[in-house]
There are 2 protein chains.
Amino acid sequence: MSKSRKVSFQDIKSEVIKRIQNRVWRQGTLLPTEHELALEFDCARATVNRALRELAEEGIVDRKRKSGTRVNMSPIKQAKFEISIVRQTIEDTNAIYRYSLVDRALAQAPDWLRAQLNVPVDGQVLYVKCMHYADDHPFQIEERWINVDAVPDVVDADFTQSGPNEWLLAEVPFSNAEITFCAVAATEAMAEFLAAPLNAPLFQMERKTWFRGKPVTFVRMSFRPGYRMSTKY
Amino acid sequence: MSKSRKVSFQDIKSEVIKRIQNRVWRQGTLLPTEHELALEFDCARATVNRALRELAEEGIVDRKRKSGTRVNMSPIKQAKFEISIVRQTIEDTNAIYRYSLVDRALAQAPDWLRAQLNVPVDGQVLYVKCMHYADDHPFQIEERWINVDAVPDVVDADFTQSGPNEWLLAEVPFSNAEITFCAVAATEAMAEFLAAPLNAPLFQMERKTWFRGKPVTFVRMSFRPGYRMSTKY
DNA sequence: CAGTGGTCTAGACCACGGT
DNA sequence: CCGTGGTCTAGACCACTGG
């Protein structure tokens with residue numbers, strides 16, 4: 001008559017969150033062991049384990065062998081941002097995407113870039129500057145430096161039709177990266193390309209990418225004035 | 001003589017990533033089924049499942065019932081940012097944290113805020129403005145509006161010694177939030193508090209928070225000029 | 001409707017790390 | 001040492017969805 005369904009790890013997650021919200025388990029409190037919770041919820045320990053493991057990944061609780069599981073002191077710890085290629089970002093707003101190549105040049109890596117990418121002194125890089133438009137309004141300036149040593153084929157790549165981002169995605173299937181956000185004032189060139197006032201505050205995103213331990217590319221993306229990047233959690 | 005150890009889900013994750021990097025499985029490729037992989041790796045299906053499930057969470061592959069698992073077209077999809085309270089951020093750089101309350105007032109919620117937080121017309125909010133310093137250099141301006149209806153106790157809270165952030169963390173143990181990043185030009189007031197030039201480009205972070213479906217607070221944090229927020233993945 | 005992933009179980013062994 | 005979480009297994013049933 002009872003036991004309508006099996007207990008799911010989702011049920012346990014919700015219940016644990018509920019108890020934290022209701023102060024049944026306060027911050028810093030030690031939770032019952034997996035075994036005890038499995039008895040309480042009448043389910044397998046593996047089910048409790050998955051629930052608690054996910055809560056730990058989300059930063060809600062801390063787990064340590066032998067010590068046990070306790071409620072984290074500051075629950076909100078991480079925000080995830082979906083980082084997609086510009087084309088996607090723009091098309092997601094139902095705008096028409098347009099791409100334009102501005103500049104492209106092969107050169108020795110300047111010192112600041114060598115420091116960033118850890119490229120040898122005589123290393124060559126391909127510099128690419130391009131624009132991304134949404135409904136023909138300037139949306140983003142992309143300035144990119146690509147380590148020729150890491151992806152030699154790039155010197156033959158034609159970036160007149162589509163950006164280096166999409167080319168690299170196909171070429172470098174998986175990579176590590178470091179992302180940085182900051183605010184800068186529009187230089188004269190940036191102002192012109194973005195149709196913005198000189199010194200306008202611009203949201204900027206930089207990304208360094210490695211593939212198999214080798215530095216591949218450094219990119220600086222400057223967004224149109226007023227751009228906002230959001231996420232929920 | 002062989003079989004030194006059991007196959008771990010980590011082993012499978014690494015191997016799958018390796019095959020993607022080596023173009024064994026190209027973008028868009030359909031992977032073998034869990035059952036087939038379990039046979040190949042000579043392990044339980046649950047082990048393969050966990051490996052593939054985590055790769056899916058990380059955005060490396062896409063999984064659909066019946067269709068199977070395929071390599072995602074754009075592998076890099078999400079960046080996680082650790083969001084900690086300012087005190088933590090500052091102390092992590094080995095700087096000395098100092099807090100200062102600037103303003104505090106009870107008021108009717110202005111229209112723009114009512115729209116943001118979905119507060120009733122006659123709703124009261126507590127406005128708090130404060131400063132966070134690192135080694136006595138201005139680090140961040142915090143402007144916050146707290147929905148009195150959601151946390152009535154806040155009217156008795158004393159924010160002269162520590163910020164509303166830490167008070168709320170203890171009071172609201174778990175919450176949903178929406179975070180936004182943008183760039184703004186320093187107003188006269190902001191420039192003064194941050195010891196920055198007028199119109200300096202500032203990195204700004206806004207956060208809306210809900211607890212049990214009720215809007216709790218809206219906060220706008222303006223960082224000192226040159227502040228950069230980074231993450232690796 | 002049949003194939004694929006999604007999840008649960010009951011039991012086992014292991015690894016880390018307080019005591 | 002020994003309790004706690006971390007993981008694997010072998011098997012089972014279910015839920016979604018493409019053909």
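Each chain gets a letter, A, B and so on, in the order its sequence line appears, and its residues count up from 1. Side chains are part of it too, since the values below use all heavy atoms of this structure and drop only hydrogens, waters and symmetry mates.
- Side-chain nitrogen and oxygen atoms of B/R45 include none within less than 4.0 Å of the OP1 or OP2 phosphate oxygen of C/dG5.
- Across all strands, B/R50 comes closer than 4.0 Å only to sugar-phosphate atoms, never to a base (heavy-atom distances).
- Computed from coordinates, the A/E54 CD to C/dT7 P distance equals 8 Å when rounded to whole Å.
- Dashed line: the shortest gap from a side-chain N or O of B/S67 to OP1 or OP2 of C/dG3 is not under 4.0 Å.
- Ring pair A/F81/B/F81 is perpendicular by interplanar angle, where above 60° counts as perpendicular and below 30° as parallel.
- A close approach under 4.0 Å does not occur between any side-chain nitrogen or oxygen of A/R65 and OP1 or OP2 of D/dG3.
- As a whole-Å value, the separation of B/F9 CZ from D/dT9 C1' is 15 Å.
- For the pair B/Q10 CD and C/dC14 C1', the interatomic distance rounds to 16 Å; values are reported in whole Å.
- Outside the 6.0 Å centre-distance limit, the rings of B/Y99 and B/F159 are not counted as a close aromatic pair.
- One atom, CG of A/D62, and another, P of C/dG17, lie 14 Å apart when rounded to the nearest Å.
- When the nucleotides D/dT17, C/dG6, D/dT7 are ranked by their closest atom to the side chain of B/K66, D/dT17 comes out on top.
- For the pairing with B/T217, the side-chain contact (heavy atoms from CB on, under 4.5 Å) check across B/V154, B/N165, B/I146 returns one residue only, B/I146.
- Nearest to the side chain of A/C43, among C/dT9, C/dG6, D/dT9, sits C/dT9.
- In this structure, A/R70 places its CZ atom 11 Å from P of D/dG5, rounding to the nearest Å.
- Proximity of A/T69 to the phosphate of D/dG5: a side-chain N or O atom is located under 4.0 Å from OP1 or OP2.
- Remark: B/N49 is in phosphate contact with C/dG6, judged by side-chain N or O atoms under 4.0 Å from OP1 or OP2.
- Ring-plane geometry between B/F203 and A/F203 is classed as parallel, the angle between the planes falling under 30 degrees on a 0 to 90 degree scale with a further cut at 60.
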